[in-house]
Every structure is written in C-alpha cells, then in structure tokens.
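Okay, structure first, notes after.
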Amino acid sequence: MSRPILIAGIAAAAGAAALFYAAPFQSTGSQPVTGMIPAGAQLCLEAKDLRAELAAWNGSGEKQRWLASRRYEGFSRSNLFFKLQRAWQELSDAAGFVPGWDVADSLAGRESALAIYNIGEVQFLYVTRLPAAAAMQSVLWRSRARYETRHAGGFEFFVRTSGKRTVAFAAARDCLILGSNEDYVAGALRLLSGERLPSVVDDPWYKDSASAAGRPGDLRLVMNLNELVKAPQFRSYWVQRNVAEVGLYSAAIADVTRDGGSFREDRVLLRKTPLTAPPTTGERLVRLAPDDVDFYRAWSEPQAGDVAALIQQKIFTTPAAAPINRDQAPEVDVDAPTAGADTDLETRIDLAPLEAPADRTAQLLRALLQSVKLTGAIQIQTTEPVADGVFMKTPTVIAVEAATAWPATTIPQVTVHGNLLLISNSDALLGEVTARLNARVGASNSTAVAVFRHAHARPGYQRLMSAVDRTAGFFSTDLVSLSEVFRDISVVEIRTQDQGARVRETVSYR
C-alpha cells in the first residue's frame, strides 16, 4: 500500500485526537465501533487490532520490496497515484499539518473501522478505540486551537476547512473519531451517546453480508456493490476489469485471518438474482493434476463455448505471423470493378484484405463439445524451457468430463478415456495426467478449485517474461518485480462454493 493511499484514510485520523478532552473516557462496553458509523457508506474496512496490523505491515519484507519495486515505481507515475496524492495533500492542508507514518501509528488503536462514503471524492469516517492518554499525545490534539468547536450527542468535536476539504475529529469514551465531513463525525457521536439513528450495520447490504459471513476475521471488508459499480472511479481503476461480472452481485464481504505464516481470506458474494446451484463435480478432476505443475483450475458444468475458446487459446494458438514490411504498400487488385470507386467508400485500398481461413480442427472440436452434456473441466499448466535453453514453453492439458462416454474422434491432439476427453500440447504432461486417471478422488463441496504454486513457477515465469520482452520492459521488470514482492508466498489456493443465492470463496495464501 502506498503512503498516500494509507495516509488519506488513516493518518488523516490525526485530526480525531483533539476532542477527547471534552468528555469523560468511559468504557463503551461491547458496542462495536461499526455501530458508531452512520448509514450510507459504500464500503467499510474493519480491524480487530489496527495497531498490530500496521506494525506487521511496516515491519514486513513485502512492504520494503514493494516500495523498492519497479511495479511501485510505475504506480507512482499513474493517474490514480496523482489523484490520491492530491487528495492527501488537500486533507493535509485542511488538517493543518502533514501527517506521516508516525502520526498514523499514533492514531491507530485496537478495534477500528474505516468507512468510505464516496470513493471518488475520498469522503470517509474513521473510528478507533484509543485510550485518552494516547489521544492526548497526538499532533491533532496539539493543533485543536486552530479548529472550530461543534457539539453533537453531548460531546465536543472540532472542524477545520481548507478549500473544498474538511477535517473533523472527536475523542470520547476512549474512542477516536475522524472524518472528512463534520456530519459524519456528528452522526458518530450521536450514535455513541445512545441515540437511535441508522448506522452502517443497519444497511441491508452490510447486514446481509455480515449475516452470511458469520464470525469476522482479523480484517474485514464489506462492500456495497450496488453503489460501487456506479462510480466512474471504480469502473476505471478496479484492477480486475470485470465490472460487468461484479455487477451481478449486490454486496460482498471478505474476512482475512492470520494463521502463523499463512493467511486465509473468506469471501461471500450475494447475487442480485439467485441461480440454481451447480453440482460439486469439479473437485474430482483435481486428482489429474501432478504435484509439480505451476497451475491448475477445475470447475463444474463448464460451457462448451468457453471450453472451446480456452482450448483454442492454450492448445491451438496461432503462430505469430511474419513481420509486415512497412516499406511497401500492400498490393491491391486494381482490376476489381469497385476498387477505388466513389460508390465504395467503406473498403480501404491502402490495406490488403484480411483473410480468415476456417479452422477445421476448432470447428470439429466445438461441435464435439456441444454434442454432450459437460459436467466438469480442468486446466493444467506449467512452464519449462525449450531445447535451446533460452525460451520457455507452457505445456498444457485440458480435460473435459461428460455425463456419458465421449464418442470416438479423430481430432488431432485429442484422446478419449470413457467420459473424459483430454487435449494437450505436450505428450510428456499428457502422460503424467493419464497416469493419474485412477487416482483417489477427494471429497469436497467445492464447485471450483484453483491452485497456483508461486514458488515453483517463479523461475520459469521470470524467464518467460524476459523472453516476451526481448529487452527490459513491462513484463520482465514490472510484472517480475511484483512476483518478487510476494516471493515468500509459496502456494495460493482458491476454493469456490456456488450456492445459488450466494457464492463463497476461500483463498489460502501459504
């Protein structure tokens, strides 16, 4: 996480410490801090112990490698970075000082929550449990004389505005409250005082997500997807670039739990329109994946068109064409009756016509896949050097399971074993897979499973990216540096349970 991103949300909390002197610091009992956040947020990030999480991040090798990486260097030149930096500077001007990591650490308590009300304008409210003695030492408290005083819920709070940015903060009953809008802070204080006002935990998107997820992890992120997908900033900067798919869900929640040197992320996504839950058939194909491959994914009830497209991409990849000689214009049939005629304004005469010869193998394969009911599929892939020792190749096997036995076929690179169809670009990997046809089938309620062996894949991945670039560039520097940041992660595993009305995912980072 970059400095501006974190400071914009948490270190801006430097403003919150000043108000604690106005009221006695009594224990709030079991009231969760999220109960002090007014309704209407777009997302809410919660931590059981924010101070411990910040300490873990600041002391981690991942942080040091991230800040020194080419990927971070590229990010620091991005439009998103500059926008966040500008928002951070504006909040700093409103707070009256420039917050840094030391300020963020001083204002990080234990149980904490950060709610974002508008991701485009970086409108937020931060609430943390922080003892009065710690709040008194904050730079915000020392700068309170430059703030205007307000009252809400029987507590004092402070407000300061510079340009279009506002910083408001309060400290009451061992709680530090900071917001980018005085109404947020006033609402939090009224909720803290016991007034019956709508809070974020009453919002249907939050309540339904929390109910489906159950016990929270060390960190919890709850998202109002109905509202987030409407934001142009979300559509522009959401790194997965799958807004259309995300738009099928009304809300989502993710809990991260630390377990020694490993992490587990439990997600729940709530569908707007419930579907029929697919069977859990994908798991039984996992037995086909050798223990030393870089990656595999198995899933239930695949669509024939999707499988055909995957096979076309991974197995029957079209070889790269010869470079185009740009020194000469393409030949054009000038004898054609309409060539260059004023009645034909759509046909370009400076480019040779495109040729799209039918791929007979792909057509036969697609027809075969559509002729039966598909119950499961698995993609198995790894990397290995080619004979010259310079370049890399990606041996791949795709196995497709049908409800009945496959008909005999003469399609190249395709073999049939009962109700399993296997297609590969590597005889060696195919041999390893077929040797596991009778392996024990594991029991699971997962509808999809994916495993990426990062530690095993890294050497080949780095060589492959270097071969793609030829010279130092995006693949061999930016992407490889991201792999280096997370070099301590050996394996990532994702298990999905599609329950119709909701989708559950468990991601394990080992």
Side-chain angles (χ1 to χ4, degrees), residues 282-299 302 306-321 359 361-362 364-366 368-369 374 376-402 406 409-439 441-442 448-470 475-476 479-480 482-483 489-494:
E283 175 74 21
R284 62 174 171 247
L285 294 178
V286 171
R287 74 185 191 279
L288 301 178
D291 296 332
D292 59 349
V293 294
D294 294 347
F295 167 81
Y296 67 81
R297 65 182 180 115
W299 66 102
D306 295 339
V307 175
L310 178 65
I311 293 173
Q312 179 69 30
Q313 176 189 12
K314 296 295 182 180
I315 308 298
F316 299 122
T317 304
T318 303
D359 188 332
T361 300
L364 291 172
L365 185 60
R366 185 178 295 271
L368 179 62
L369 293 170
L374 305 183
I378 185 171
Q379 173 192 351
I380 303 168
Q381 185 171 314
T382 194
T383 55
E384 62 182 41
V386 297
D388 60 13
V390 177
F391 295 101
M392 302 293 296
K393 59 183 178 180
T394 55
T396 303
V397 172
I398 297 173
V400 188
E401 182 188 66
W406 288 91
T409 179
T410 58
I411 299 176
Q413 295 176 272
V414 174
T415 59
V416 171
H417 296 269
N419 67 338
L420 273 180
L421 179 148
L422 291 88
I423 183 166
S424 177
N425 60 7
S426 167
D427 291 339
L429 183 58
L430 180 62
E432 292 185 57
V433 171
T434 54
R436 301 173 65 92
L437 289 174
N438 297 321
V441 177
V449 180
V451 170
F452 173 52
R453 297 188 174 104
H454 180 235
H456 187 272
R458 283 192 69 216
Y461 176 81
Q462 292 172 345
R463 294 178 63 180
L464 180 62
M465 293 299 99
S466 297
V468 168
D469 267 343
R470 294 187 183 180
F475 292 99
S476 59
L479 292 186
V480 168
L482 194 59
S483 175
I489 295 180
S490 176
V491 178
V492 180
E493 179 184 81
I494 304 176

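Worth knowing before you read on, the calculation uses all heavy atoms, side chains too, and leaves out hydrogens, waters and symmetry mates.
Side-chain contact between Leu369 and Pro302 is absent, with no heavy atoms from C-beta onward closer than 4.5 Å. Between Leu420 and Leu285, the closest side-chain pair of non-hydrogen atoms falls below 4.5 Å. Residues Lys314 and Asn425 form no side-chain contact, since every pair of their non-hydrogen atoms from C-beta on lies 4.5 Å or further apart. Considering only heavy atoms from C-beta on, Ile494 stays 4.5 Å or farther from Val449 through its side chain. Within the 4.5 Å cutoff, the side chain of Phe316 has heavy atoms near those of the Ile311 side chain. The shortest distance between side-chain heavy atoms of Thr396 and Ser426 does not fall below 4.5 Å.
Other residues, nucleotides and ligands place more than 12 heavy atoms under 6.0 Å from the CG atom of Asp292.
When the options Val414, Ile378, Thr415 are evaluated for a side chain to side chain contact (heavy atoms under 4.5 Å, CB included) with Leu422, the one that passes is Thr415. A side chain to side chain contact (heavy atoms under 4.5 Å, CB included) with Ile380 holds for exactly one of Ile398, Asp294, Val293; it is Val293.
Counting only distance, with no hydrogens or angles, the side chain of Trp406 and the backbone of Leu368 share no donor-acceptor pair below 3.5 Å. Checking side-chain atoms of Arg297 against main-chain N and O of Ala448 turns up no donor-acceptor pair under 3.5 Å. At least one donor-acceptor pair under 3.5 Å links the side chain of Arg287 to the backbone N or O of Arg284. Side-chain N or O atoms of Thr394 include none that pairs as donor or acceptor with a backbone N or O of Thr382 at under 3.5 Å. A donor-acceptor pair under 3.5 Å is absent between the side-chain atoms of Asn419 and the main chain of Glu401, judged by distance alone. Without hydrogens or angle criteria, Gln413 side chain to Ser424 main chain gives a donor-acceptor distance under 3.5 Å.
Asp291 contributes atom CG, which lies 9.5 Å from atom CD of Glu432 (distance to the nearest 0.5 angstrom). To the nearest 0.5 Å, atoms OH (Tyr296) and CD (Glu493) are separated by 6.0 Å. Here CH2 of Trp299 is found 10.0 Å from CG of Leu374. Values are rounded to the nearest 0.5 Å. Here Thr409 contributes atom OG1 and Ile423 contributes atom CD1; the two are 9.0 Å apart, rounded to the nearest 0.5 Å.
Taking each heavy atom of Gln312 and Ala362 in turn, the nearest pair found is OE1-CB, 3.2 Å. When all heavy atoms of Arg458 and Ser483 are compared, the closest pair comes out as NE-OG, 3.1 Å.
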